[in-house]
Amino acid sequence: MTDPLSLDDDFTPRPGGLAARARASVATPQPYLSGLNPEQRRAVEATDGPVLVLAGAGTGKTRVLTTRIAHLIASGLAYPSQILAVTFTNKAAREMKERIGHLLGGVAEGMPWLGTFHAIGTKILRRHAELVGLRSDFTILDTDDQLRLMRQVIQAEGIDEKRWPARALAAFIDGWKNRGLTPDKVPSGEAAAFAAGRGAKLYAFYQARLKQLNAADFGDLLLENLRLFREHPDVLMGYQERFRYILVDEYQDTNVAQYLWLRLLAQGRRNVACVGDDDQSIYGWRGAEVDNILRFEHDFPGATVVRLEQNYRSTGHILASASHLIAHNTDRLGKTLHTEDEEGEKVTLTGAWDSEEEARLIGEEIEALQAKGHSLADIAVLVRISAQMREIEDRFLTLGLPYRVIGGPRFYERLEIRDALAYLRCVANPADDLAFERILNTPKRGLGDATLEVLHRFARAKSIPLMQAARLLVETDELKPKPRGALRDLSTSFARWAAQVDAMKHNELAEMVLEESGYTEMWQKERTAESAGRLENLKELVRSMEEFPDLAGFLEHVSLVMEMIDDDATERVSIMTLHGAKGLEFDTVFLPGWEEGLFPNQRALDESGKAGLEEERRLAYVGITRARRRAKIMFASNRRIHGMWQSTIPSRFVDELPESHVEVTEAPASFGGYGGSRFDRMTPFGSSYNTPGWQRAQERTRQGGGSGGSGGGFGERDAGSYRPPGRKSGPMLLEGELVAKSTGASSAFAQGQRVFHIKFGNGTVAAVDGNKLTIDFDKAGRKMVLDSFVQAA
DNA sequence: TCCTAGCGCTTTTTT
DNA sequence: AGCGCTAGGA
């Protein structure tokens, strides 16, 4: 990367020359600007008015954002405290803070308004909580609490929970909040969709309960901000004044509420810079509005639009493949990425017989890379759905290949951690009913549903929190002696712990609470491998509390930052979903499971049609563009879905890859899934293929297994023996077409014909579509299969 | 109040 | 297949 403006110190500019003028325009040296390409530099220096930066994958998006902030500060346009910079994830926020720190030498700590939408929303809300009916120490509820609360609301309304599950209500309310809708604004049509028209009413009740509990859920962190800004223009104006510059990361992922929030704040000075990539919008299903980015120029007239198209991450073949694929989408602004990098290795495409073999191939390739000195940390396996991970993990476990699953169950979501946190929440905030309810009978103290019911009634009658109700209730004779004693113990314990909040160090207090409540003991008694792990987690929890000033600070961190930083330094292969991979990059990326139904995901197609397909395609684009040097796409012909083996056909995305940038490699023992009878051409006779299954297969082929190419018998898999050592998978292009393409030629099979399939047994052909057969199997039911998989019965 | 067998559901996920 | 929730019995 050369920059015309980064001058050598020895170089003396010719008076009046370009360099001299450039230098003159830059009053102070700005070393942070050097190394930016012209577009990046434009995005950084366009400080006045709205700016939209369309940043393709790997084009230096974060660099532009951080440099822009550094530039604003260094050139005196704003103090760090006058810059609002929002991201979606804590990780992105952390990274940005670090990088700004590097650029400016440690002032990142002075960026109080750099954070996630939710963190900043919380900060603002705490300052003005009383204006929206909360106290400044309000609790932030997680999904679990939310659900429990909604269940209560549904029950209180006498609605059948079977027909109208809390989950569904949660989804509705979430959706409404994502769109910035308060209960009174919910369109009547939608409100009617839940519980026969009572949707909006339930939403209103739920909101009222939140206020009673002095709590906010994630959606509220933004929604209540909107309400605050709308009802109190003076407050809004204060923030408009303060935030001279606003920067937004991943703008394509913003939902309506976030958009409205930004618009309100940006209305003042209009210095808003949004960075995003419409081609990487993959969160439509959770309310993200690609429209926000597509509409930016309309919303902010006179906006400067900068396209970053120079890719610094991937090789030519990888970039070309990704670009060709994404070009099949129609709803996009359109960018043409280019790279100065070499062409590199072609993207590989490999078909496997089934998902087990697919996992095995991945394992083998990784071991081969490892043998060549590649670091496992530079390798990732990206899957469409988490369920795909299991087989891959199993394989890695067998091989002893260290791996790390990213985005799995998170630390703060573990059962024992939530329980422990519930205890701490009760200590910190005795009015936290949801937390109290959670631990009332954990560990078992004989305080079951019956007691809880009494407690609830008592609390409701007196309009007091459960904790207080418990304290009063034990003085009455409403409870039987046994539960009364247990409840008294618990109640006095909490009083004792609460009295220690200011006296003790919070982590020591936590340890004491977990000990005295019998919670630790509960797991100690279990003595299983699992319980040992849980105890370990509890220790880790207490340890991690040290980093925070007090209990309240710790609890806030937990609710907003649902992650723990993993400091394990072992090099590992990363396994994660495609969604989880956004923003990351690896030298080598494996992309298994490119099959119709799985990817593109059938459900996405069913629920969202063309928009769903395009989002799936963007996901594929995100997947490929994570790779720096090697992208390896794979598909299997059989996959276990919900425990049942299913025949699958290759993803349409496979057809959409550009042939000239892709190399089709053969999976040695997988036959089938390919359009023609490649067996005749490909068989490496005289090689070390000599397993019984192989020989039987050869026999059958010689006997003439039908012109569709008989795959029968090739599924024989005696693990380990069929993989000929040392034989390299060779390229395989069939008549210039990628293997998975439908041949268009009609199949040798006819409707009504009896056929045999290695995995599904006998069946009858129900329909023929080119080389795709729909077969009603006697045992396995109806499946769609490529004809190369079956033979005449 | 607790335990367990059986039932139904199953994309993606942040905060 | 596997998990979480619920209902029904001990």
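Proteins come first, then strands; the chains are lettered A, B, ... in the order of their sequence lines, and each starts at number 1. What you see is a predicted model; the values in this text were computed from it and never measured.
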*Asks:* Testing the 3.5 Å rule here: is there a donor-acceptor pair between the side chains of A:Gln258 and A:Asp253?
*Replies:*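 There is no such pair (donor and acceptor under 3.5 Å, judged by atom type) between the side chains of A:Gln258 and A:Asp253.
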*Asks:* In chain order, what residues pass the salt bridge (charged side-chain N to carboxylate O under 4.0 Å, His left out) check against A:Arg410, with sequence neighbours excluded?
*Replies:*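 A:Glu413.
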*Asks:* Only counting residues at least two apart or in another chain, list the ones meeting ring-ring contact (aromatic ring centres under 6.0 Å, His included) with A:Trp164.
*Replies:*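 Listed in chain order: A:Phe194.
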*Asks:* Name all residues meeting the ring-ring contact (aromatic ring centres under 6.0 Å, His included) criterion together with A:Tyr283; count only those two or more places apart in sequence or in a different chain, and write none if there are none.
*Replies:*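 Checked A:Tyr283 against ring-ring contact (aromatic ring centres under 6.0 Å, His included); matches are A:Trp285, A:His579.
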*Asks:* Mind checking what makes salt bridge (charged side-chain N to carboxylate O under 4.0 Å, His left out) contact with A:Glu391, not counting sequence neighbours?
*Replies:*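 Testing A:Glu391 for salt bridge (charged side-chain N to carboxylate O under 4.0 Å, His left out), a comparison that skips the adjacent residues, returns none.
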*Asks:* Taking distance alone, no hydrogens or angles, what donor-acceptor pairs closer than 3.5 Å link side-chain atoms of residues 84-92 of chain A to residues at least two apart or in another chain?
*Replies:*
from    : atom 1 : to       : atom 2 : distance (Å)
A:Thr87 : OG1    : A:Thr89  : O      : 3.0
A:Thr89 : OG1    : A:Ala92  : N      : 3.0
A:Asn90 : ND2    : A:Leu560 : O      : 3.3

*Asks:* Please tabulate the protein-to-nucleotide N/O contacts below 3.5 Å involving nucleotides 2-4 of chain B, giving atom names and distances.
*Replies:*
from  : atom 1 : to       : atom 2 : distance (Å)
B:dC2 : OP2    : A:Asn441 : ND2    : 3.0

*Asks:* Residues in salt bridge (charged side-chain N to carboxylate O under 4.0 Å, His left out) with A:Arg534, at least two apart?
*Replies:*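 Once residues adjacent in sequence are excluded, the partners of A:Arg534 under the salt bridge (charged side-chain N to carboxylate O under 4.0 Å, His left out) criterion are A:Glu416, A:Glu530.
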*Asks:* Which residues pass the side chain to side chain donor-acceptor pair (under 3.5 Å) test with A:Arg425, sequence neighbours left out?
*Replies:*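 A:Arg425: side chain to side chain donor-acceptor pair (under 3.5 Å) contacts with A:Asp145, A:Asp432.
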*Asks:* For a quick check, with a 4.0 angstrom heavy-atom cut-off, what is the B/S/- contact string for nucleotides 4-10 of chain C, read 5' to 3'?
*Replies:* --SS---
*Asks:* Just to verify, what does A:Tyr251 make a ring-ring contact (aromatic ring centres under 6.0 Å, His included) with, not counting sequence neighbours?
*Replies:*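 Applying ring-ring contact (aromatic ring centres under 6.0 Å, His included) to A:Tyr251 gives A:Phe296.
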*Asks:* For A:Arg418, give me all partners under salt bridge (charged side-chain N to carboxylate O under 4.0 Å, His left out), at least two apart in sequence or on another chain.
*Replies:*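 So A:Arg418 forms a salt bridge (charged side-chain N to carboxylate O under 4.0 Å, His left out) with A:Asp142, A:Asp144.
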*Asks:* Does the protein touch nucleotides 10-15 of chain B at the base, only the backbone, or not at all? Give it as B, S and - per nucleotide, heavy atoms under 4.0 Å.
*Replies:* BBBBBB
